[in-house]
Structures are given as structure tokens and as C-alpha cells.
Amino acid sequence: MPSLFVIRGSDQGTRYELEEAILRLGRDKSSTIHIHDTEVSRNHAELRRTHRDYTVSDLNSSNGTFVNGKRIEQHVLVSGDQVQVGATLMLYTGPADDSSGGIGSSIDVAAAPLSDDQSRIIHSVTQQEGSRIFDSQVDLPQNSFLARARSNLQVMYRTALAVSHTLDIDQLLNRIMELIFEWVEADRGCIMLFDANNRKLEPRVRRTRQESDRGDRISISKTILDFVLERNEGVLTSDARQDDRFNPGASIVKLGVREAICVPMQGRYHVVGAIYIDTSISPQEVLERGGQSCKFTEDHLKLMIAIGHQAALAVEDTRYYSAMVQAERLAAIGQTIATLSHHIKNILQGIRGGSYLIEMGLTEHDESIVAKGWNIVEKNQNKISELVLDMLTFSKEREPDLMTADINSVVAEVVELMQARAAELNVELRLVPDATMPKLVFDPEGIHRALLNVVTNGIDAVAETERPGSVEICTRYLPERSLVQIEVRDTGAGIPADHMDKLFSPFVSTKKNRGTGLGLPVSQKILSEHGGQIGVQSTPGEGACFTFELPAVAPPQSSTQIIEPPAG
């Protein structure tokens with residue numbers, strides 16, 4: 001589906017799916033694509049579907065509409081186009097191309113028997129081996145073309161590896177600057193990036209070769225910087241070349257010469273920043289060279305331009321990735337809030353109904369009505385408590401509170417707690433404990449909660465069939481495998497096949513308004529904290545069986561022994 005993804009501006013990280021034939025884009029709240037940007041007009045632009053693509057048209061906006069940096073009146077969008085309105089920059093993604101161009105949509109990797117396959121692997125190279133290729137000792141003249149080419153190729157190879165191994169922009173830029181200082185004889189360096197919101201150039205990394213220079217400010221010519229960013233060209237400058245009075249005389253001995261390289265960081269679509277390095281040449285070196293300063297050469301400039309481009313691509317990828325992660329987080333938060341709001345609304349409606357009965361009973365002095373109302377209020381209060389406990393258990397990282405306890409006793413407590421509810425719903429609840437079960441080390445409260453969720457689900461599943469049924473809980477001790485199993489088997493309607501894959505996903509419930517969708521994920525999390533797991537088998541129409549497995553950890557032999565949680 002076509003979409004606009006905001007990569008810069010107040011709505012950064014927001015994705016607008018383009019479904020309608022005509023969409024209005026602007027600051028007005030009634031706009032289909034509502035942009036929170038004061039530089040955007042109320043009715044700024046219009047998107048109109050033409051065949052499978054969209055055409056964007058400017059609606060006489062104050063600040064104009066731009067596509068890929070050029071102001072447009074009307075433009076047919078293609079995937080990858082960048083649309084800018086005000087300070088907001090959006091990336092357009094077109095519909096998926098279903099055409100195969102004469103190539104099949106799938107590859108049959110087993111089309112020919114292995115014996116008939118004439119291809120064979122001659123040699124393979126890891127990244128580490130790839131970097132060592134450039135370190136091979138081949139006798140080449142130090143300043144020959146081949147030597148310089150091999151050195152530059154090594155630089156670009158290591159740069160590509162560096163930018164592919166981090167998603168943190170500051171770490172990335174620091175690594176780039178370290179590599180530059182390894183390859184170029186620079187004394188000082190600075191990497192500047194445009195702020196994603198206000199497009200102001202800000203220094204992000206500063207480096208000097210000498211510790212004594214760390215406190216010095218790096219002064220960069222605004223004229224040079226503007227030239228580099230406006231023309232998208234790298235420059236090599238030298239005080240000596242610009243000084244008509246240059247000669248190997250006293251003034252040069254006193255002042256020395258400073259050379260500098262400044263290159264743009266050109267990404268796929270625009271310049272994201274600039275890299276600046278410079279070096280000081282001592283007066284003695286200037287005199288020895290007869291007034292020629294040549295620490296930086298044109299090869300250095302070309303290499304820096306290539307490094308700047310690699311770094312810019314990495315910065316863009318990192319920003320897009322961060323924006324997508326943020327969008328996914330916001331979407332998850334929105335989904336969570338919507339789901340919880342739905343559950344809480346149903347609970348509040350139940351409390352409101354119970355309160356109404358209590359009020360009616362008090363007015364009519366009828367204690368039976370008051371008792372009925374209070375029973376409804378109490379049930380919904382328990383639902384709120386369960387929802388909050390599930391949310392806390394699921395969202396909080398915790399270590400199990402390990403102690404020596406009896407698994408059979410914990411399971412018996414769950415059965416005793418749920419007997420009244422099972423009887424009310426005409427469900428038989430049975431416990432079949434393993435008499436050989438020893439006392440073990442685990443978190444009794446955690447296992448109690450995990451088992452309670454599954455037993456409650458089993459009772460509800462049987463009750464929904466509107467026929468007599470049962471829930472059976474069995475415990476098993478398997479010393480040969482150092483495992484404990486708790487099996488919960490019900491005779492309900494079973495779990496549909498299309499629900500099995502998402503059974504342990506948060507907020508997925510088959511109990512409609514009665515479930516929070518957190519019970520099974522919480523149980524799975526508790527078992528995982530113990531180093532165990534939950535398995536499930538189900539046949540539609542015949543019921544389901546949930547099996548808890550957790551390590552059988554024996555109690556310590558002495559009171560001084562420290563109990564560690566089992567490895568996950």
C-alpha cells in the first residue's frame with residue numbers, strides 16, 4: 001500500500017497510509033493527512049490517485065511544496081521520492097510491484113539433483129580475512145599508483161565495515177573520525193551534522209592528535225563551509241597557496257602553514273553534514289620543501305569525499321531505522337492503550353451496573369438487591385486487580401523469588417481456589433498429583449499465578465460448550481530428565497488452528513470481553529524466568545492440553561549454599 005513516512009519534522013516517525021483516491025494534506029484538522037507544522041498551510045497540497053500511483057499538487061501554499069528538493073506545482077510520485085512541506089520531510093513509498101519482468105516469482109532450489117549441479121564453491125572469505133587481504137606484503141614502490149590504489153581500497157573497505165556495525169550515530173561518527181586519523185596525517189578534525197528539526201549545522205565529533213590541543217577551538221571558514229554545502233563539492237585549501245607573499249622568509253618561519261580539507265556528507269537524497277580536517281606544517285618543514293606544503297594531496301581529498309558519502313549513507317540509514325522503531329513503538333503503545341481502554345470500559349460498565357443495584361436496594365431497603373449489586377461490584381474489582389497484576393508481571397523484568405517448596409501443594413492451592421468457580425459453571429475440577437514429587441527450589445508465587453491463568457482459561461473453555469465437562473491437573477516428576485511437568489487438560493471446544501501461532505501474543509484473547517489477552521503471555525514469561533517453557537496441544541472440538549515444564553532444582557545441602565536461578 002502506498003504511504004508517506006515522516007523522516008523529519010514535528011510528526012517524525014508517523015506513517016500515513018494512502019488509501020483514498022483524493023487526500024488533502026495540511027495543518028487543518030480536517031485534512032486527511034494532518035501535519036503539525038506551523039510552516040505548513042492549512043490546505044497545503046493534494047494527493048490524487050492516478051492508476052496505481054499518486055500525483056501531488058500544490059494548493060497555492062505559502063511556502064510551497066518540494067519533491068526531491070525542487071519546488072513543484074504538480075508531480076507524479078514514485079517510490080523513494082522525498083516530499084517536503086514546510087519543515088516536514090516525508091518519504092513516499094509506492095505500491096508493491098507485482099510484475100515479474102519475465103522472471104518467476106519463486107526460485108526452485110531443488111529443481112535439479114545435487115549430482116547434476118555443475119556449480120561448486122572454490123573459496124570463501126570472512127570479513128576478518130577480507131581485511132587481512134590488504135595487509136599482504138607485496139613489494140610495491142611506496143608512491144606507485146598500485147600502492148596508493150591498494151591503500152585507498154583498504155580505507156574504503158574498513159570504512160564500509162565500520163559503518164555497518166553500529167546503529168548509534170555518535171558511536172558511528174567517532175569511529176569514522178578514528179579511521180580518518182589512521183589514514184590521513186591530520187592534526188584536528190570535526191564532523192558536523194544538520195539537526196533533523198531546524199536544519200542547523202551542529203558539531204557532533206571533535207578530535208585532535210595532540211593532547212595539548214584538546215582545549216583549542218577549531219575555527220572553520222564560513223566561506224569554505226558554505227561553498228562545500230551549497231555546491232556539494234569537497235575542497236582542499238592551504239594558507240600558503242592563498243598567500244601572494246609566500247616565500248621561505250622570516251614571516252613563514254614565524255607563522256607556519258595550515259592545510260585543510262572539507263567535504264560534504266552526501267547521502268541518497270541530500271547533504272546531512274560535513275567533515276573537516278586540517279593540519280599544521282612547521283616552519284622548518286616549509287623551508288625544507290622550498291615553500292611547498294603538501295601534507296594533503298588531491299588523493300586525500302578524493303578519499304575524504306568517498307568516506308563522507310559512506311558516513312552519510314550510514315547516518316541516513318540510522319535515522320530512518322530510529323524513526324521506524326519510534327513509529328513501531330508509538331503504534332504498539334496506541335494498540336495497547338486502545339485494548340486496555342476497551343477492557344477497562346467493560347469493567348467500569350459492570351461496576352456501574354452493580355452500583356445501580358446497590359443504590360436501588362438501599363432505596364427500597366432490600367438487602368437481597370444490595371447483595372446482588374455488591375457481588376457484581378466485587379467481581380469487577382477482582383478483574384481490575386487481575387488486569388493490573390498481569391500488566392505489572394508482563395512489563396517488569398524480574399528474577400524469580402526462589403525458595404524450597406512443594407509443587408503439589410502449590411497446585412492444590414490453585415485447585416482449592418478455583419473449586420467454587422468451577423462448581424458454579426458446572427465444571428468438574430480434578431487434581432492428580434505425583435506422589436513421588438520431592439520438595440524443589442522454585443518461585444511458588446510465580447508458579448501459582450502462571451498455573452491460575454491456565455486453569456481459569458480451561459474452566460471458561462469448558463463452560464462455553466454448555467455441556468458437562470472437566471479440567472484435570474496432573475503433576476509429574478521426571479528425575480531422569482531433571483524436569484517437573486504440570487499438565488492442565490480440559491474438555492472444552494479446543495483452540496482453532498489459526499489461533500495457535502498467536503496464542504501467547506499480548507492482548508490476543510478468545511474470551512471476548514471477559515479476557516485481557518495477558519494471561520498466557522504472563523504464564524509463559526514466568527516459566528521462561530524459571531528456565532522452563534509452556535507447550536500446548538489442541539484438537540478442535542475435543543479440548544486442549546497445556547504442559548508446564550520447569551527444571552527440577554534440588555534444595556541446597558546446607559543453609560550456607562546460595563541458590564542461583566536456573567539458566568534460561
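- Residues D170 and R204 meet the side-chain proximity criterion, which asks for heavy atoms closer than 4.5 Å.
- Between G543 and S538 the shortest heavy-atom distance is O-OG, 3.1 Å.
- For the 3.5 Å distance criterion, the side chains of T475 and D434 fail to qualify, holding no donor opposite an acceptor.
- Between E542 and T491, the closest side-chain pair of non-hydrogen atoms is not below 4.5 Å.
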Exercise for the section: Give the intermediate values and the outcome of side-chain contact (heavy atoms from CB on, under 4.5 Å) for residues I176 and I307. Expected result: CA-CA 8 Å; I176 291 293; I307 292 173; 4.0 Å; yes

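- Remark: L425 engages R421, V427, I459, D460, A463 in a side chain to side chain contact (heavy atoms under 4.5 Å, CB included) (not counting sequence neighbours).
- Here E413 contributes atom CD and I447 contributes atom CD1; the two are 13.0 Å apart, rounded to the nearest 0.5 Å.
- Partners of E416 by side chain to side chain contact (heavy atoms under 4.5 Å, CB included), not counting sequence neighbours: none found.
- Listed by chain and number, the residues in a ring pair (Phe, Tyr, Trp, His ring centres under 6.0 Å) with H34 are H36 (sequence neighbours excluded).
- With V471 as the fixed residue, the side chain to side chain contact (heavy atoms under 4.5 Å, CB included) test singles out one of D490, V415, L431, N457: D490.
- No side-chain heavy atom of I180 sits under 4.5 Å from any side-chain heavy atom of R207.
- With sequence neighbours excluded, the residues that form a salt bridge (charged side-chain N to carboxylate O under 4.0 Å, His left out) with R481 are E549.
- Residue pairs meeting the salt bridge (Lys or Arg N to Asp or Glu O under 4.0 Å) criterion with at least one partner in residues 467-478, sequence neighbours excluded, are R430-E472, R476-E487.
- For the side-chain hydrogen bond (donor to acceptor under 3.5 Å, both in side chains) test, residues two or more places apart in sequence or in another chain that qualify with E178 are R175.
- No side-chain donor-acceptor contact under 3.5 Å links S528 to the backbone of Q524.
- Shown here are the salt bridge (charged side-chain N to carboxylate O under 4.0 Å, His left out) partners of E367, two or more places apart in sequence or in another chain: there are none.
- Proximity of L193 to L173: side-chain heavy atoms (C-beta onward) are separated by under 4.5 Å at one or more points.
- Using a 4.5 Å heavy-atom threshold, the side chains of P444 and M403 count as touching.
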Exercise for the section: Please lay out, stage by stage, how V553 and L440 fare under the test side-chain contact (heavy atoms from CB on, under 4.5 Å). Expected result: CA-CA 6 Å; V553 181; L440 299 170; 5.8 Å; no

Exercise for the section: Step by step, work out the side-chain contact (heavy atoms from CB on, under 4.5 Å) result for D11 and D37. Expected result: CA-CA 8 Å; D11 299 296; D37 185 343; 5.5 Å; no

Problem - Criterion side-chain contact (heavy atoms from CB on, under 4.5 Å) on M265 and I191, from CA distance to verdict - result: CA-CA 9 Å; M265 295 174 65; I191 299 180; 3.8 Å; yes

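- Note: F442 and H530 have tilted aromatic rings, judged against thresholds of 30 and 60 degrees for the angle between ring planes.
- The shortest non-hydrogen separation linking L402 to D443 is CD2-N, 4.1 Å.
- Under the side-chain hydrogen bond (donor to acceptor under 3.5 Å, both in side chains) criterion, D406 pairs with S409, sequence neighbours left out.
- Looking at residues two or more places apart in sequence or on another chain, you find a side chain to side chain contact (heavy atoms under 4.5 Å, CB included) between A450 and S523, I526, L527, F548.
- R268 pairs by the salt bridge (charged side-chain N to carboxylate O under 4.0 Å, His left out) definition with E316, D317, not counting sequence neighbours.
- Taking 4.0 Å as the cut-off between side-chain N and carboxylate O, E445 and R449 do not count as a salt-bridged pair.
- The side chain to side chain contact (heavy atoms under 4.5 Å, CB included) test with Q485 singles out one residue from L550, T547, I407, and that residue is T547.
- Here the shortest heavy-atom pairing between V441 and P555 reads CG2-CA, 3.6 Å.
- When side chains are defined from C-beta on, L520 does not count as touching N453, because their heavy atoms never get closer than 4.5 Å.
- Here the closest non-hydrogen pair linking Y92 and V78 is CD2-O, 3.3 Å.
- Residues satisfying the side chain to side chain contact (heavy atoms under 4.5 Å, CB included) test with V536, not counting sequence neighbours, are I495, M500, L503, F504, F546.
- Between the side chain of D81 and the main chain of L77, no donor-acceptor pair closer than 3.5 Å is present.
- Put simply, CD1 on I369 and CE on M360 are 6.0 Å apart, with the number rounded to the nearest 0.5 Å.
- Here the closest heavy-atom approach between residue L451 and residue V488 is recorded as CD1-CG2, 3.6 Å.
- Counted within 6.0 Å of CZ on R49, heavy atoms from surrounding residues, nucleotides or ligands total more than 12; the atom is thus considered enclosed.
- Closest non-hydrogen pair, E19 versus Y54, comes out as C-OH, 3.8 Å.
- Put simply, the side chain of Y16 does not reach to within 4.5 Å of the side chain of S3, judged on heavy atoms.
- Residue E428 qualifies as enclosed at atom CD: its count of foreign heavy atoms under 6.0 Å is above 12.
- At least one side-chain heavy atom of T88 sits less than 4.5 Å from a side-chain heavy atom of V6.
- Remark: of the listed residues V411, I473, L417, I473 is the sole one forming a side chain to side chain contact (heavy atoms under 4.5 Å, CB included) with V455.
- Taking E359 as the reference, nothing meets the salt bridge (charged side-chain N to carboxylate O under 4.0 Å, His left out) condition, with sequence neighbours excluded.
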